[in-house]
> 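After the structure tokens below, expect a handful of questions from me.
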Amino acid sequence: MHSEVFLVLFSPDYFRQRLEMATKTQKYNFKEIEDKWQRIWDEVELYRAADSPDPHNKFYMLVMFAYPSGDIHMGHFRNYIIGDAVARQQMMLGRDVLHPFGWDAFGLPAERAAIQRGIHPQEWTLKNISVSRDTLKKAGISFDWSREVTSSLPDYYKWTQWMFIQLFKNKLAYRKRGFVNWCPEDKTVLANEQVKDGKCERCHTPVIKKDQEQWYFKITHYADRLIDDLDDLPGWPENVKTMQREWIGRSFGAEIDFEIEETGEKLPVFTTRPDTIYGVTFMAIAPEAEIVDRLNLGGEYKEQVEQYRQKALARSDIERAAVTEDKDGVFTGKYAINPFNGERIQLWVADYVLAGYGTGAVMAVPAHDTRDFAFAKKYGIPIKVVIHPDKNTALDVDQMEDAFVDYGPMVNSAHFDGLAGKEAIGKVTQYAESQGFGRSKINFKLKDWSISRQRYWGCPIPIIHCATCGLVPVPEDQLPVLLPKVKDYTPKGRSPLADLPEFINVKCPGCGGEAERDPDTMDTFVCSSWYYLRYIDAHNDSEPFDKDKALRWMPIDLYIGGITHATGHLIYFRFFHKFLKDIGWVTTPEPAQRLFNHGMVMDSKGEVMSKSKGNVISPMELVANHGVDVTRLGMFFVAPSDKEVLWSNDTLTGVEKFAINKFYPLVNCLRGSQPDLKQYFNRDKLSADEWKLYIKLNQTVKKASDSVEKLQFNTAISALMELTRDFEPEKVSNEALNDYVILKAIQLAAPMIPHMSEEMWRQAGFEDSVFRSDWPAHDPNAVIGDTIEIAVQVNGKLRDSVSVAADAGQEDVERAAFESPKVVRFTENKDIIKKIYVKGRILNIVVKG
RNA sequence: GCGAAAGUGGCGGAACUGGCAGACGCGCUGGAUUUAGGAUCCAGUGCCGCAAGGCAUGGGGGUUCAAAUCCCCCCUUUCGCACCA
């Protein structure tokens with residue numbers, strides 16, 4: 001830009017014309033400009049993260065690992081642009097930024113495609129990855145692709161196997177026979193998290209129980225820390241922390257040993273209410289519980305119990321849950337002894353007792369437990385009151401319509417009578433402990449993580465089964481155990497690998513004898529439990545990652561993903577991290593400092609977008625028609641990032657007009673003054689209008705910075721819209737200020753509309769990227785104008801507003817207020833009781849009469 | 001059933017720590033321009049009322065000089081957990 005030319009042409013009309021010309025003649029060619037900058041950014045490696053960052057000035061921006069399905073949908077797009085805007089702003093704040101991406105590439109869809117179309121899962125997966133990667137590049141997301149990881153490639157899963165072996169060596173990976181969730185359709189074991197409403201999360205087939213030997217990770221070992229450390233995560237949303245606490249489900253109580261009358265076998269039961277111990281009238285055992293086999297059942301009982309057990313096992317979880325109202329069970333003909341009073345109580349087998357919780361048996365106190373009450377009523381089992389609501393109120397068994405479950409003083413409980421609540425629980429537990437038939441106990445709902453899958457497309461479990469040596473891990477220098485090719489992927493209920501003798505048969509690394517490889521593969525949640533560490537050192541072939549680099553990059557500063565992972569992935573990943581800390585690989589107690597869940601993107605009617613409904617809007621189609629920046633801007637503007645969005649393409653109308661017609665043409669208003677962007681302006685050097693503009697700019701800077709911090713880009717955009725609206729170049733004769741305003745606006749917009757901003761920055765004459773410029777800081781002396789509007793209320797009702805100097809005191813404001821006819825009308829002839837003045841905001845005059 | 005979060009114009013949404021409710025945008029209305037459509041520009045747009053003014057943040061109560069914001073009750077929606085002894 002030549003300033004001589006400018007001087008000649010400078011007139012208010014000049015700018016109007018320039019603006020109009022700009023909108024009419026040079027239509028913003030988004031395709032050309034976006035392609036150009038994507039190419040240049042790639043060439044200059046703008047997104048390349050430092051190898052060894054300054055640990056005090058780094059930012060690890062992570063978005064969740066994605067399954068490579070080929071095309072990205074609106075939800076992904078939203079997730080990634082939020083992370084992208086944050087990463088770009090952090091670059092401008094001068095941080096070393098790590099913003100990586102990778103693929104959760106093992107899993108069923110690839111195997112299905114292989115079965116249906118005969119393509120090898122790896123081939124199918126890599127093809128999808130390549131399409132997805134191109135799409136993400138076109139979307140302009142600032143991922144550092146040099147650190148891309150793919151969980152199905154040997155250089156990654158080698159280290160997943162290494163993780164398994166570390167867990168195994170620390171006795172945190174073990175085998176156990178037990179009832180597992182089994183999907184009859186997918187023919188595989190499912191973790192609890194993969195069961196939704198008793199159905200398989202993927203194919204919605206009702207899940208059944210199956211008795212199998214499986215691999216487990218002992219996540220329960222970390223249950224306390226997984227709950228307690230949530231308190232040190234202020235950056236995590238409360239709802240996620242609550243969900244995790246409930247999922248882990250810690251409850252404090254006691255374990256009390258009952259004795260089977262006939263066999264003398266001890267049967268411990270867990271209870272949170274030891275204070276109701278004298279009210280126990282029967283005991284109920286889960287149908288799956290092994291102890292039932294040892295009861296020595298005879299005659300008709302034996303038959304009835306067996307029948308009942310069979311029936312219960314055949315029921316799916318939904319069916320079992322459905323009988324909540326109508327509890328059933330069967331008497332075993334046997335009795336147990338309550339150690340507190342020696343009473344004989346009936347022993348029942350009942351469906352409502354869960355095998356996997358506590359000891360699979362409960363002491364039933366019908367008077368004080370709703371479920372036991374219903375059961376006792378149904379089968380005519382005695383009900384015995386041992387808690388009263390309070391000292392003066394007694395419960396009458398015959399009048400009770402439901403159990404009384406609150407705390408209250410103990411009655412009919414020998415020497416414990418009168419004790420209540422926590423004290424009662426403590427005393428009863430202490431007594432049991434002193435007598436040797438009980439102890440205080442903490443129980444968790446969380447179960448150990450079942451990780452083996454009888455499927456092909458997963459990470460092989462690096463264990464060798466040897467008849468002599470037992471379970472032997474594959475020596476670490478022999479990793480990875482490569483996933484071999486197979487001919488037939490069709491699920492048969494056992495792993496396809498089991499049918500490959502050349503894979504299965506190996507020499508035992510311990511004794512050299514004939515042995516067999518484990519034929520199962522791992523749950524894909526294992527792969528995604530440590531990927532964030534691999535990004536830190538993605539190409540290391542001697543270690544999973546370098547400890548020093550991890551020390552520098554960890555923890556993750558911001559982790560963005562959907563709420564759907566609240567109890568699955570986000571617990572596993574915390575567990576892995578804690579384990580790695582315990583064995584000295586990382587130093588932080590938690591992997592991620594701040595967690596953010598973006599809202600879902602639905603169609604305009606509020607329905608989930610799905611192929612079968614035919615209501616899918618592809619973000620890339622919008623990108624093709626409107627450009628990346630406008631599409632991003634629309635997604636940002638429509639709602640704050642955590643809210644659900646009902647997407648309508650109309651959303652783009654307003655932001656497109658703003659970006660193309662208003663914002664971009666601002667470059668035409670530059671006057672080539674090259675202002676120092678680090679300087680603040682002095683009030684004396686500016687006209688009144690200019691000072692007003694300068695204030696507006698600083699308010700915008702402040703607003704935009706706050707908004708990005710809170711990930712509420714919608715308000716950042718509205719601030720920029722206001723600034724653009726209020727900026728009238730013809731009223732600005734100070735060239736430096738004029739250019740300063742435009743350049744700062746470009747910087748503020750850059751995280752959200754990176755291509756357009758970069759193009760404008762370049763047109764403004766900068767050689768280097770706008771993302772290497774400094775994020776604006778607001779001038780603290782210029783956020784409040786010279787004069788401010790004070791609202792004036794009379795008795796809390798707004799009557800007028802007055803304009804006073806910014807430094808005006810209460811007297812000045814009052815004087816101005818009483819000059820207002822409107823205020824006078826409501827105050828004259830009335831007693832003024834008091835006047836409340838809130839500095840810079842409001843004056844409330846309280847009158848009477 | 002239990003727990004949590006949220007209810008603001010025709011719509012998406014703003015509103016610091018209790019301090020002018022409705023920023024910004026969509027839509028709509030009128031006008032300018034245009035052969036027309038589109039685009040663009042200008043003005044208006046919570047409701048009632050000619051006005052003065054009154055009424056408005058799911059409903060009802062309360063605290064306060066002042067409540068979308070704090071407290072209590074109720075309604076609705078969404079999400080999570082759903083026999084965890």
Side-chain angles (χ1 to χ4, degrees), chain A residues 16 19-20 23-24 197-198 237-240 242-247 249-251 253 269-273 276 283-284 286 320-325 327 350-354 356-365 368-372 374-375 405 443-447 563-564 566-567 600 604 606 633-634 637-640 643-648 650-658 661 702-703 706-707 712 714-722 724-725 789-801 822 825 833-847:
Chain A
R16 277 269 132 68
L19 272 167
E20 280 171 19
T23 56
K24 277 181 188 145
D197 299 324
E238 270 321 307
N239 61 337
V240 172
T242 304
M243 279 160 75
Q244 293 208 351
R245 282 190 194 101
E246 282 173 4
W247 188 267
R250 179 165 57 187
S251 50
V269 296
F270 176 71
T271 178
T272 53
R273 295 296 302 276
T276 64
M283 177 173 285
R320 278 175 79 161
V323 295
T324 304
E325 298 306 312
K327 310 210 171 309
D351 209 345
Y352 78 93
V353 181
L354 301 175
Y357 184 77
T359 59
V362 301
M363 54 176 238
V365 186
H368 306 292
D369 181 281
T370 319
R371 298 151 302 184
D372 300 342
F375 194 85
V405 298
N443 244 319
F444 297 92
K445 283 197 228 176
L446 182 74
K447 293 181 190 66
I563 184 73
T564 42
T567 51
M600 300 228 288
S604 55
L633 205 58
F637 187 63
V638 67
K643 275 205 67 166
E644 175 183 295
V645 158
L646 305 190
W647 183 261
S648 148
D650 295 345
T651 306
L652 295 180
T653 312
V655 292
E656 185 157 44
K657 278 197 267 188
F658 167 70
N661 299 349
K702 191 164 186 294
K703 182 84 201 170
D706 290 350
S707 303
Q712 288 175 4
N714 55 333
T715 50
I717 295 164
S718 86
L720 277 168
M721 286 171 164
E722 285 183 50
T724 308
R725 177 196 63 193
E789 290 285 305
I790 304 289
V792 183
Q793 297 182 332
V794 179
N795 285 352
K797 286 194 173 172
L798 181 71
R799 293 306 174 188
D800 203 356
S801 72
K822 290 185 192 165
R825 181 152 22 110
I833 297 169
K834 61 172 152 176
K835 289 172 278 196
I836 295 131
Y837 176 61
V838 182
K839 199 170 177 307
R841 294 197 177 275
I842 204 165
L843 174 70
N844 190 9
I845 302 161
V846 185
V847 299

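Here the structure is a predicted model, which is why all the values come from computation and not from measurement. Order of the sequence lines fixes the chain letters, A, B, ..., with proteins taken first and strands second; residue numbering starts at 1 for each chain. Values below: all heavy atoms of this structure, side chains included; hydrogens, waters and symmetry mates excluded.
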> Can you tell me the distance, in whole Å, between the CG atom of A:Asp372 and the P atom of B:C83?
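Roughly 15 Å, once rounded to whole Å.
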
> Could you tell me which residues satisfy side chain to side chain contact (heavy atoms under 4.5 Å, CB included) with A:Leu646, sequence neighbours excluded, listed by chain and number?
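A:Leu646 satisfies side chain to side chain contact (heavy atoms under 4.5 Å, CB included) with A:Met602, A:Glu644 once adjacent residues are dropped.
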
> By side-chain hydrogen bond (donor to acceptor under 3.5 Å, both in side chains), which residues pair with A:Ser801, not counting sequence neighbours?
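side-chain hydrogen bond (donor to acceptor under 3.5 Å, both in side chains) check on A:Ser801 returns A:Glu789.
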
> Which part of the nucleic acid, if any, lies within contact of A:Arg825, taking any heavy atom under 4.0 Å across all strands shown: a base, the sugar-phosphate backbone alone, or nothing?
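The answer is sugar-phosphate, as A:Arg825 gets under 4.0 Å only of primed atoms, P, OP1 or OP2.
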
> Whole-Å distance between B:A82 C1' and A:Met243 CE?
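Distance, rounded to whole Å: 13 Å.
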
> Taking syn as any angle within 90 degrees of 0 and anti as the rest, which one fits B:G7?
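Judged by the O4'-C1' to base torsion, B:G7 sits in anti, the angle falling more than 90° away from 0.
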
> Just by modelled atom types, is the A:Val847 backbone N or O under 3.5 Å from a matching donor or acceptor in the A:Asn795 side chain?
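Yes, the answer is positive, given that a donor and an acceptor are paired below the 3.5 Å cut-off.
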
> Counting N and O atoms only, with roles assigned by atom type, does the side chain of A:Arg273 sit under 3.5 Å from a partner on the main chain of A:Val405, one being a donor and the other an acceptor?
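Answer holds: yes.
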
> Between A:Gly358 and A:Gly796, which residue's closest nucleotide on RNA chain B lies nearer the 5′ terminus?
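Per heavy-atom nearest nucleotide, the more 5' residue is A:Gly796.
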
> Taking the C1' atom of each, how far is B:U78 from B:A67, in whole Å?
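Comparing C1' positions in B:U78 and B:A67 gives a spacing of 26 Å.
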
> Between B:G12 atom P and A:Leu652 atom CG, what is the distance in whole Å?
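Between P of B:G12 and CG of A:Leu652: 17 Å.
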
> Under the rule for ring-ring contact (aromatic ring centres under 6.0 Å, His included), what residues qualify as partners of A:Phe375, not counting sequence neighbours?
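Partners of A:Phe375 by the ring-ring contact (aromatic ring centres under 6.0 Å, His included) criterion, ordered by chain and then number, come out as A:Phe282, A:Trp348, A:Tyr352, A:Tyr379.
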
> Would you measure the distance from the P atom in B:U64 across to the matching atom in B:C74 and give it in whole Å?
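Each nucleotide's P atom is 24 Å from the other's.
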
> Considering only atom C1', compute the distance from B:G18 to B:U69 and round it to an integer number of Å.
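The same atom, C1', in both gives a distance of 6 Å.
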
> Taking the P atom in each of B:C55 and B:G61, what is the distance between them to the nearest angstrom?
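Rounded to whole Å, the distance is 14 Å.
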
> With C1' as the reference atom in both, quote the distance from B:A14 to B:C24 in angstrom, rounded to an integer.
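About 7 Å, rounded to a whole number of Å.
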
> Where the side chain of A:Ser251 is defined as all heavy atoms beyond and including C-beta, which of B:A85, B:C65, B:C16 is the nearest nucleotide?
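Given the options B:A85, B:C65, B:C16, the side chain of A:Ser251 is closest to B:A85.
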
> Assuming nearest nucleotide by heavy-atom distance, tell me which of A:Asn844 and A:Val838 is located more 5' along RNA chain B.
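Counting from the 5' end, the first nearest nucleotide belongs to A:Val838.
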
> What nucleic acid atoms does A:Val638 come within less than 4.0 Å of, heavy atoms only: base, sugar-phosphate, or nothing?
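Sugar-phosphate only.
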
> Restricting to ring-ring contact (aromatic ring centres under 6.0 Å, His included), what partner residues turn up for A:Phe658, sequence neighbours left out?
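Counting only residues at least two positions away or on another chain, A:Phe658 forms a ring-ring contact (aromatic ring centres under 6.0 Å, His included) with A:Phe663.
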
> Look at A:Asn239 and B:C79 and indicate whether a side-chain polar atom (N or O) is within less than 4.0 Å of OP1 or OP2.
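Result: no.
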
> For A:Arg841, check side chain to side chain contact (heavy atoms under 4.5 Å, CB included) against everything at least two apart and list the hits.
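Once residues adjacent in sequence are excluded, the partners of A:Arg841 under the side chain to side chain contact (heavy atoms under 4.5 Å, CB included) criterion are A:Val838.
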
> With hydrogens left out and only the distance checked, is there a donor-acceptor pair under 3.5 Å joining A:Lys835's side chain and the base of B:C65?
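Answer no: no donor N or O sits under 3.5 Å from an acceptor.
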
> Using Watson-Crick pairs (N1 to N3, plus N6-O4 or O6-N4) and G-U wobble pairs, both distances under 3.5 Å, which stems of at least 3 pairs involve RNA chain B?
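The stems that RNA chain B takes part in, listed by first number, are B:1-7 with B:75-81, B:10-12 with B:24-26, B:27-32 with B:40-45, B:46-48 with B:53-55, B:58-62 with B:70-74.
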
> Scan A:Glu789 against the nucleic acid and name what it touches under 4.0 Å (heavy atoms): base, sugar-phosphate only, or nothing.
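Answer is base: heavy atoms of A:Glu789 come under 4.0 Å of a base.
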
> Could you work out which one of B:A14, B:A85, B:C81 sits closest to the side chain of A:Pro640?
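Looking only at side-chain atoms, A:Pro640 lies closest to B:A14.
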
> Residues in side-chain hydrogen bond (donor to acceptor under 3.5 Å, both in side chains) with A:Tyr357, at least two apart?
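A:Ser251.
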
> Nearest-Å distance, CD (A:Glu246) to P (B:A5)?
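Atom CD in A:Glu246 sits about 12 Å away from atom P in B:A5.
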
> Side chain to side chain contact (heavy atoms under 4.5 Å, CB included) with A:Ala361: which residues, sequence neighbours excluded?
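A:Leu267, A:Val269, A:Ile285, A:Thr359.
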
> Categorize A:Thr242 for me: base, sugar-phosphate, or nothing, with a 4.0 angstrom heavy-atom threshold over every strand shown.
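Contact class for A:Thr242: none.
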
> Could you state the atom-to-atom distance from CZ of A:Phe658 to P of B:C41 in whole Å?
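After rounding, the reported distance stands at 13 Å.
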
> In whole Å, measure the gap between the C1' atoms of B:G46 and B:U40 for me.
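Pairwise C1' distance, B:G46 against B:U40, rounds to 28 Å.
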
> P atom, B:A6 versus B:A15: distance in rounded Å?
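It comes out at 14 Å once rounded to the nearest Å.
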
> Taking atom P of B:G38 as reference, at what distance in whole Å does atom CD of A:Glu656 sit?
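Rounded to whole Å, this separation is 17 Å.
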
> For the pair made of NZ in A:Lys703 and C1' in B:G13, what is the distance, rounded to whole Å?
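Going from NZ in A:Lys703 over to C1' in B:G13 covers 12 Å.
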
> Can you tell me how far P of B:U17 sits from CZ of A:Arg841, to the nearest Å?
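Interatomic distance, CZ of A:Arg841 to P of B:U17: 11 Å.
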
> For A:Gln712, which residues count as a side-chain hydrogen bond (donor to acceptor under 3.5 Å, both in side chains) partner, sequence neighbours excluded?
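Partners of A:Gln712 under the side-chain hydrogen bond (donor to acceptor under 3.5 Å, both in side chains) test: none.
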
> Provide a list of protein-nucleic acid N or O atom pairs under 3.5 angstrom, restricted to nucleotides 54-57 of chain B.
from, atom 1, to, atom 2, distance (Å)
B:G54, OP1, A:Arg799, NH1, 3.4
B:G54, OP1, A:Arg799, NH2, 3.1
B:G54, OP2, A:Arg799, NH1, 3.0
B:C55, OP2, A:Lys797, NZ, 3.2

> With heavy-atom distances below 4.5 Å as the criterion, would you say the side chains of A:Lys822 and A:Val794 are in contact?
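No, their side chains stay 4.5 Å or more apart.
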
> When you measure from the side-chain N and O atoms of A:Tyr352 to the phosphate of B:A85, is any distance below 4.0 Å, counting only OP1 and OP2?
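For B:A85, OP1/OP2 do not have a side-chain N/O of A:Tyr352 under 4.0 Å.
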
> What does A:Lys643 touch in the nucleic acid at a heavy-atom separation under 4.0 angstrom: a base, only the sugar-phosphate, or nothing?
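Sugar-phosphate only.
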
> B:C20 and B:A66: how far apart are their P atoms, nearest whole angstrom?
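Per the computed distance, 15 Å lies between those P atoms.
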
> Taking the side chain as everything from C-beta on, heavy atoms only, tell me whether A:Met243 gets closer than 4.5 Å to A:Glu246.
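They are not in contact (no side-chain heavy atoms under 4.5 Å apart), so the answer is no.
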
> For the side chain of A:Asp372 and the backbone of A:Val365, is there at least one donor-acceptor N/O pair under 3.5 Å apart?
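Yes, because the side chain of A:Asp372 sits within donor-acceptor range (under 3.5 Å) of the backbone of A:Val365.
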
> Once each nucleotide of nucleotides 22-34 of chain B is scored for protein heavy atoms under 4.0 Å, what B/S/- sequence comes out, 5' to 3'?
-BBSS--------

> Please enumerate all residues that pass side-chain hydrogen bond (donor to acceptor under 3.5 Å, both in side chains) together with A:Asp800, with sequence neighbours excluded.
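Once residues adjacent in sequence are excluded, the partners of A:Asp800 under the side-chain hydrogen bond (donor to acceptor under 3.5 Å, both in side chains) criterion are A:Ser820.
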
